[in-house]
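Working notes, structure below.
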Amino acid sequence: MITIEHHSKTYEFKTLDEAMQWAKELGEFVTIKFNDLEIAGKFGAGGITSGKFPNGEPYTWKKRRRQ
């Protein structure tokens, strides 16, 4: 059983895929619990296109090379 905590309420899902899909559609901070693990965050960034997140914000992370 997978559970998601959101605004002091607990929601149950049969699979992690179902839980992740619900969390992505919600678009808010949640805590997913399963197998004695917790994953917390705001889920849903699908990818970077033309240097921007799907919501239009710029993607600015850059890998620094070590010399």
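The shown structure was predicted, so the numbers you read here are calculated from the model rather than taken from an experiment.
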| Distance in Å, Thr49 OG1 paired with Tyr59 OH, rounded so as to fall on 0.5 Å steps | 12.5 Å
| remark: Rounded to the nearest 0.5 Å, the NZ atom of Lys9 sits from the CD1 atom of Ile4 at a distance of 14.0 Å
| query | Can you say whether the rings of His6 and Trp22 are parallel (under 30°), tilted (30 to 60°) or perpendicular (over 60°)? | reply | perpendicular
| query | What distance do Leu37 atom CG and Ile32 atom CD1 have between them, rounded to the nearest 0.5 Å? | reply | 11.5 Å
| query | How far does OG1 of Thr3 sit from CD of Glu38, to the nearest 0.5 angstrom? | reply | 8.5 Å
| query | Is any side-chain heavy atom of Ile39 less than 4.5 Å from a side-chain heavy atom of Phe34? | reply | yes
| query | Which heavy atom in Ala40 sits nearest to a heavy atom in Phe29, and how many Å separate them? | reply | CB-CZ, 3.7 Å
| Distance, nearest 0.5 Å, that separates CE of Met20 from CD1 of Ile2 | 11.0 Å
| Between CG of Asn35 and CE of Met1, what distance do you get to the nearest 0.5 Å? | 12.0 Å
